[in-house]
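Comments concern the structure below.
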Amino acid sequence: MSTVIINTYRNMFKSVKRNLTILLNMVICTSVIFILLQNYYYLKDRHDDYFTSGNIASHFEISFADEDDGGLYYSDQLNKTPMYYVGQDLLKTMESDPRIMLYGLTYSNFLPEDYVDGVNMTPYAIEGVNEILIEQYHFSKNTQDAFELKCDSGRFFQEEDFNVDTDDPVPVVLGYNLQEVFKIGDTIHLKNEYYDDRAVVIGFLEKYSSINAWETVNYMDDAIVVPGDFPRDFEELEKNKERKLGLSSDEEFTSITSPCIYVMDETMDLQKYVNSLTAKNGFYTLCVQATDGVEVTETKSISEKNVMLIAVVTAVTGIICLITLGMVLYNRALEDLSTNCIYLLCGIPLWKINTSIILEMLIWAALSCIPACMISQLEYKKLMVSPVLLFAFSAIVALIALIPTLRVMKKVNLDVFVRNRIIV
């Protein structure tokens, strides 16, 4: 064992210039490996944070990538151009996909004083507040399913509720707290200088029902939920009939101009999916934006692409360093042939000489990890990559670089020693 240690010490301090070259190559190679591992574990940490903590988005809003395209499509809708029908086909394709669900959702506010027909709002008054704003949610057919909303009493909307006749009141579902004021079957009459419309209460939401959107939890205990629009603009409805748009109020509510999408497959890259549909149909460019979390494309696809790019750079740089290091060690082995032959003549076995060379390279691999660890500690205040793992990769690189050297060492014998002496 002493022979191995002595020879290792001799190799490390025999030629400072040559050993600095070896160390520099090892440092560069270890650094690029460290960058790859550091980024991989950082992105994996972020990815796991979103995917395991429930932060992955399932609700999205879709809009035109260019605002001018929105105006053009509105004109297409009014004039029923070929592009309008392309948009309808696009919606049908999305609606038929079992991984997603299209729905509509908008908000508005109005005063409870507008509710007449003998309903007393006094029990619902808030002390010190003169006017009470009730938040109104406008739902399409699939909205209640997209947010998994249920009724505490009564029922939720059915298919026919979204296409009621203009002479019939609009069915509405109220928040849990409004049971203090209304009961199922009550008529709500909204009348002011602009509107005159009626609604009928068909159910009350469960307590603490909520909608999560734009990093805000919107509780609906004091809200009113309507299918489509309430109050209805009867003049606009008549105009639409004259234009013969061929759409019910709910179909207009979930058209390309203002739809939301609920994604049931959390591994789905929705933007990529929408891009493929618009490219296939020749439609305007659309973009999706997550409303309740982080898009898969941000945490998964981009992370994977970043790791892939860094891996390619690491591989190229590592191969260059590996070749350079291998050549340096190979030339050193040729220079040390005579010395190693003398060792053999003195009875020192070849395996001890090779062991000393391997031990030396493992020491260089360990030393090459120090700069990377110091930089990580200074920049990130922690080591995301285990030094043991980093050393393991560095050791593998060092051992691969030793392959040419070990092949040379297999040829070390007395004949080689004599020939070298004669040539000299």
Side-chain angles (χ1 to χ4, degrees), residues 1 3-38 310-346 348-376 385 387-413 415-421 423-424:
M1 188 62 187
T3 303
V4 174
I5 296 174
I6 292 172
N7 195 47
T8 301
Y9 180 83
R10 185 189 69 84
N11 287 337
M12 292 187 66
F13 295 98
K14 180 181 177 181
S15 175
V16 176
K17 182 178 180 181
R18 184 175 61 189
N19 290 339
L20 284 176
T21 303
I22 294 174
L23 179 60
L24 180 61
N25 275 274
M26 286 299 303
V27 168
I28 294 174
C29 202
T30 303
S31 297
V32 294
I33 293 172
F34 169 77
I35 292 171
L36 171 64
L37 294 175
Q38 185 88 338
I310 295 172
V312 171
V313 174
T314 301
V316 172
T317 309
I319 290 172
I320 294 173
C321 293
L322 188 61
I323 293 173
T324 305
L325 181 61
M327 290 301 297
V328 172
L329 295 174
Y330 177 78
N331 291 328
R332 187 182 75 168
L334 292 177
E335 293 175 7
D336 291 344
L337 273 177
S338 299
T339 303
N340 292 327
C341 286
I342 293 173
Y343 285 160
L344 292 175
L345 291 173
C346 294
I348 299 174
L350 182 61
W351 71 267
K352 286 190 176 183
I353 299 174
N354 288 341
T355 301
S356 66
I357 295 173
I358 294 173
L359 180 60
E360 176 202 358
M361 291 308 300
L362 291 178
I363 294 174
W364 291 128
L367 292 175
S368 69
C369 296
I370 296 175
C373 293
M374 291 177 62
I375 292 172
S376 177
V385 181
V388 176
L389 181 62
L390 187 61
F391 171 73
F393 277 96
S394 303
I396 292 172
V397 171
L399 294 176
I400 293 174
L402 277 175
I403 292 176
T405 299
L406 296 178
R407 291 179 64 87
V408 170
M409 294 302 296
K410 288 176 64 176
K411 301 176 181 178
V412 174
N413 52 46
D415 292 337
V416 172
F417 175 70
V418 172
R419 283 199 301 269
N420 287 342
R421 289 298 180 183
I423 293 173
V424 174

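One-based numbering along the sequence shown.
- Distance check, rounded to the nearest 0.5 Å: CG of L367 to CZ of F391 gives 10.0 Å.
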Sequence neighbours left out, cut at 3.5 Å: what donor-acceptor pairs do the side chains of residues 22-31 make with other protein atoms?
residue	atom	partner	partner atom	Å
N25	ND2	T21	O	2.8
T30	OG1	M26	O	2.7
T30	OG1	S368	OG	2.8
T30	OG1	S394	OG	3.0
S31	OG	V27	O	2.7

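- Within the model, atoms CH2 of W364 and SG of C369 stand 13.5 Å from one another, a figure rounded to the nearest 0.5 Å.
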Q) Do M361 and L329 pass the side chain to side chain contact (heavy atoms under 4.5 Å, CB included) test, and can you show the C-alpha distance, the side-chain angles, and the key distance before you say yes or no? A) CA-CA 10 Å; M361 291 308 300; L329 295 174; 3.8 Å; yes

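- Counting only residues at least two apart or on different chains, no side chain to side chain donor-acceptor pair (under 3.5 Å) pair has a member in residues 319-330.
- Taking OG1 of T405 as the start and CG of N331 as the end, the distance is 9.0 Å to the nearest 0.5 Å.
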